[in-house]
There are 2 protein chains.
Amino acid sequence: MTDMSEQTAQERILAEMRMRILDGTYPPGTRLTELGTAEDLGVSRTPIRAAIRALAKEGFLDRSGARGYAVRQVRPEDMRHALQVRGVLEGEAVRRLAGIGLKPTIDRKLSECLEEEARLFQEHSFGPDFAAAYNRLNTEFHSTLHRACDSPQLEAAIRQMSNVPSGMIHAIKAPEKESSQEYVRLLIAHTQHQVILRAIRNGDGVRAEEVMREHAFVRIDYAELVAETLAGAQVTTTSAKDASDDRSAVGKRRGSSP
Amino acid sequence: MTDMSEQTAQERILAEMRMRILDGTYPPGTRLTELGTAEDLGVSRTPIRAAIRALAKEGFLDRSGARGYAVRQVRPEDMRHALQVRGVLEGEAVRRLAGIGLKPTIDRKLSECLEEEARLFQEHSFGPDFAAAYNRLNTEFHSTLHRACDSPQLEAAIRQMSNVPSGMIHAIKAPEKESSQEYVRLLIAHTQHQVILRAIRNGDGVRAEEVMREHAFVRIDYAELVAETLAGAQVTTTSAKDASDDRSAVGKRRGSSP
DNA sequence: GGGCATCATTTGGGATACAATTTTGGACAC
DNA sequence: GTGTCCAAAATTGTATCCCAAATGATGCCC
C-alpha cells in the first residue's frame, strides 16, 4: 500500500503479473501456484486468483493438467497478433456504427475529443504531458466508440483485449522514446481518428473498418517507419493556426534533430 | 450436488446465472449482489464472485456506479451480435492459418474430424445422439482450428466468446427442434467446414475468412431459412453410399414442392 | 424548513480457515 | 528390478470472517 498507484489492488496485481510475464521475471513454463505467487507478491490468494483467471483469459497462461497454470511463451509477434485482434474487433465496431448511425450526443462527444486532440497539436509543444493528454483523449475517443456501437458483447470483447497489447507495449517499448517520431506518430493516429469518424458519418462502414484495422498498428509499425524516415533529418514545426474544422488539423513542426 | 453434472461448481454457477439472465429469471436492471445471489443459489460468495466477474467480461453485466453489478438488457439481436463477434474472431483465425499453412498433424486431425462428420451423415439417421455426436465433432473441429492458429491471445479471445452465443442459443432455441431442418442445417454446417478446410489448404485466406464469418450464423439464420423452405414438404433422406472422399458427403433429398 | 454533517447499514475487496482432490514419493510385494 | 498401492504433501476449490468504502437515512444546526 506504499505504492503511488491507488487502484483496486486486484488490478495492480494483474498488471504486475502481466508485466512479470512479459519482462521475463516469470519465464515461459513457470508454474504459477496461487499460494506461491501470493506470498511472492505479498498479498493473499484472493487477488491472485482473480489475476490468474484474467491472465488465462488473456492468453498468457494455460492450465497444466488439472493442477495449476503455467506461463505461456510470449513471442514478439504475439504483440502484433494481439493488436490485430483488437483491430479486428474495433473495426467490426465502427463498421456496425457506420451502419446504424451516430446518435447526436455520441457525435458531439467524438467531435469534442477530436477537437481537443487538434488543440493539443496546435497549442502545446511535445513533451511528457503532451503524450499523457493525448493518451487520455485517445482512450476517451475509443471507449466512446465502443460504448456507442450498441453491442454489449462486442464492447466487452474489445475491453477484454484492450489491456493486453497496452501491457505488452508498456513492457517492451518503454526504453525508446524519441520525441520527434512520437509526435509524428500521434499526429498520424489523430488523423486516422478523423478519417474514421468521417467515414462513420458518411455511412462508409467498409472504409471505417479498414482504417480502424490499420489504426491498431499505429503503436508499432508507424513509430518504426517514422523513425527511419526522420533518421538524421532536421524537422521543424509551427502551430497550425486558423483551425475552423477538423480538416485543418495538420500541424507543422519545429524541433532539433536527435 | 444432487445434480447430474459433476463439474467444478464454479462453472455450474456461471452457467446457471447466465441461464437465469437469458431466460428472464433475473430481469434486466436487476442488481446482483454477491451475498444475495450467494444465498439465492445456495453457495458461498466465492463462486459467485468468479461468476459475476466472468459475466461482466462476457457483457451481460455492468457496474451500476461504484456499487454492485446490474443485469444488462439482452435483446434478441444481441445473440446475432455475439455470433458475429465470434465469426469475426474465428475468421481472423482461419485467415492467419491459411497464411502460415497447416502443420501435418493438424491437417490430419482436421481431416479426421470431417471424415467422421461425413460418416455420421452416411451411416446414422438423425436423432438426439446424432446431434450430440455432431456437436462433439463440431467442437473438436473448431477448437483444433483455434489451437492451430498459433496465437494464444486470439485463441483466448475466441474461447472467451464461444460460451456466450451457445448459452444464448440453449436458452432461447430450446423448444423448437424440427428434425428435418436440423439435419439439413448440420449438413450445411458440415459442408462449410469442408469449404473452410479446403480454402485454408489452398492458402486462400480471404475465402476461408468469409466462409467462417458466414458459418457463425449457421445456428440461427440457416435453421430459419431451411424451415421456411421445407415448410409443409415431405423430406426423406437416404444415406450416401460410396463416399471415397469428402466431396461425396452431399445428401440427396426427395420431396414434394411447397 | 432546508441544508449539511454524521452515523449506520449495505456491499464489495481481501484474508484466512477448511475441504476435496490430485500428484508424487516411497515402500512393499511379486 | 519393476509395478502397484498407500500415504503424505501440495494445490486448488469453497466457505467464512474482517475491513474499508460508499450510500442512504436521520438528526442537528442555521
Side-chain angles (χ1 to χ4, degrees), chain A residues 1-18 20-21 26-72 156 159 163, chain B residues 1-18 20-21 26-72 156 159 163:
Chain A
M1 311 308 182
T2 63
D3 222 12
M4 68 217 167
S5 55
E6 276 318 318
Q7 350 174 13
T8 165
Q10 206 161 289
E11 311 243 340
R12 188 172 53 85
I13 295 296
L14 174 59
E16 175 67 24
M17 290 183 66
R18 187 164 39 211
R20 292 196 180 196
I21 291 174
Y26 294 149
T30 305
R31 284 194 37 199
L32 291 183
T33 80
E34 293 180 358
L35 198 59
T37 54
E39 61 188 25
D40 190 6
L41 293 178
V43 291
S44 84
R45 281 178 53 202
T46 313
I48 301 289
R49 281 180 71 98
I52 284 182
R53 300 302 144 71
L55 288 171
K57 277 188 189 300
E58 289 176 2
F60 291 112
L61 307 175
D62 57 350
R63 342 189 42 126
S64 57
R67 185 86 69 100
Y69 288 81
V71 176
R72 231 170 160 151
R159 187 195 310 278
N163 308 324
Chain B
M1 315 313 176
T2 61
D3 222 13
M4 70 218 167
S5 54
E6 274 321 315
Q7 350 173 12
T8 164
Q10 208 160 286
E11 312 234 343
R12 189 173 53 86
I13 295 296
L14 173 59
E16 174 69 22
M17 289 183 67
R18 186 163 41 211
R20 293 197 179 195
I21 290 175
Y26 294 149
T30 305
R31 286 198 35 191
L32 291 183
T33 81
E34 293 181 358
L35 198 59
T37 52
E39 61 188 25
D40 190 6
L41 294 178
V43 291
S44 85
R45 283 178 51 201
T46 313
I48 302 289
R49 286 179 66 129
I52 285 182
R53 301 297 145 62
L55 288 171
K57 275 188 189 297
E58 289 175 3
F60 290 112
L61 306 176
D62 57 350
R63 338 190 45 126
S64 59
R67 185 83 69 97
Y69 289 80
V71 176
R72 234 171 156 148
R159 186 196 310 280
N163 309 324

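The figures here come from the full heavy-atom set of this structure, side chains too, leaving out hydrogens, waters and symmetry mates. Lettering follows sequence order; numbering is per chain, from 1. Everything quoted here is computed from the prediction, not taken from an experiment.
Residue pairs meeting the salt bridge (charged side-chain N to carboxylate O under 4.0 Å, His left out) criterion with at least one member in residues 55-64 of chain A, sequence neighbours excluded, are A:R18-A:E58.
When all heavy atoms are compared, the tightest approach of B:V71 to B:L61 is CA-CD2, 3.7 Å. Summarising the geometry of B:A156 relative to A:A56, their closest heavy-atom pair is CB-O, 4.2 Å, with the distance given to 0.1 Å.
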**OP:** Tell me, with the steps shown, if A:E11 and A:N163 meet side-chain contact (heavy atoms from CB on, under 4.5 Å).
**Re:** CA-CA 11 Å; A:E11 311 243 340; A:N163 308 324; over 6 Å; no

Original post:
Could you go step by step and tell me if A:F60 and A:L32 meet the side-chain contact (heavy atoms from CB on, under 4.5 Å) rule?
Top reply: CA-CA 11 Å; A:F60 291 112; A:L32 291 183; over 6 Å; no

**OP:** Take B:R20 and B:D40 through the test side-chain contact (heavy atoms from CB on, under 4.5 Å) and record every step on the way to the result.
**Re:** CA-CA 12 Å; B:R20 293 197 179 195; B:D40 190 6; 3.7 Å; yes

Original post:
B:T37 and B:Y26: side-chain contact (heavy atoms from CB on, under 4.5 Å), yes or no, with the steps?
Top reply: CA-CA 10 Å; B:T37 52; B:Y26 294 149; 4.3 Å; yes

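Here the P atom of nucleotide D:dT11 and the CZ atom of A:R63 are 15 Å apart, to the nearest Å. Between A:E11 atom CD and C:dG14 atom C1' the separation is 15 Å, expressed in whole Å. Across the protein-nucleic acid pair, A:L61 atom CG and D:dT12 atom C1' stand 15 Å apart, rounded to whole Å.
The side-chain contact (heavy atoms from CB on, under 4.5 Å) test applied to B:A51 returns B:I13, B:L14, B:M17, not counting sequence neighbours. Evaluation of the salt bridge (charged side-chain N to carboxylate O under 4.0 Å, His left out) rule for A:R72 yields B:E155 as partners, not counting sequence neighbours. For A:R45, the side-chain contact (heavy atoms from CB on, under 4.5 Å) partners two or more places apart in sequence, or in a different chain, are A:E34, A:L35, A:A38, A:R49. Checked against side-chain contact (heavy atoms from CB on, under 4.5 Å), B:A50 has the following partners two or more places apart in sequence or in another chain: B:Q10.
The neighbour count for A:R53 CZ, taken as heavy atoms of other residues, nucleotides or ligands under 6.0 Å away, is above 12.
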Below 3.5 Å between N/O atoms, which protein atoms pair up with nucleotides 7-10 of chain C? Just atom names and distances, please.
| residue | atom | partner | partner atom | Å |
| --- | --- | --- | --- | --- |
| C:dT10 | O2 | B:R67 | NH1 | 2.9 |

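When the C1' atoms of four end pairs are superposed on the next four at each end of the helix from C:dG1-D:dC30 to C:dC30-D:dG1, using five pairs per end, the two resulting axes differ in direction by 10°, to 10°.
For DNA chain C, the residues of residues 32-44 of chain A within the heavy-atom distance limit of 4.0 Å (strictly under) are A:V43, A:S44, sorted by number. Contact check of residues 45-54 of chain B against DNA chain D (heavy atom, cut-off under 4.0 Å) returns B:R45, B:T46, B:P47.
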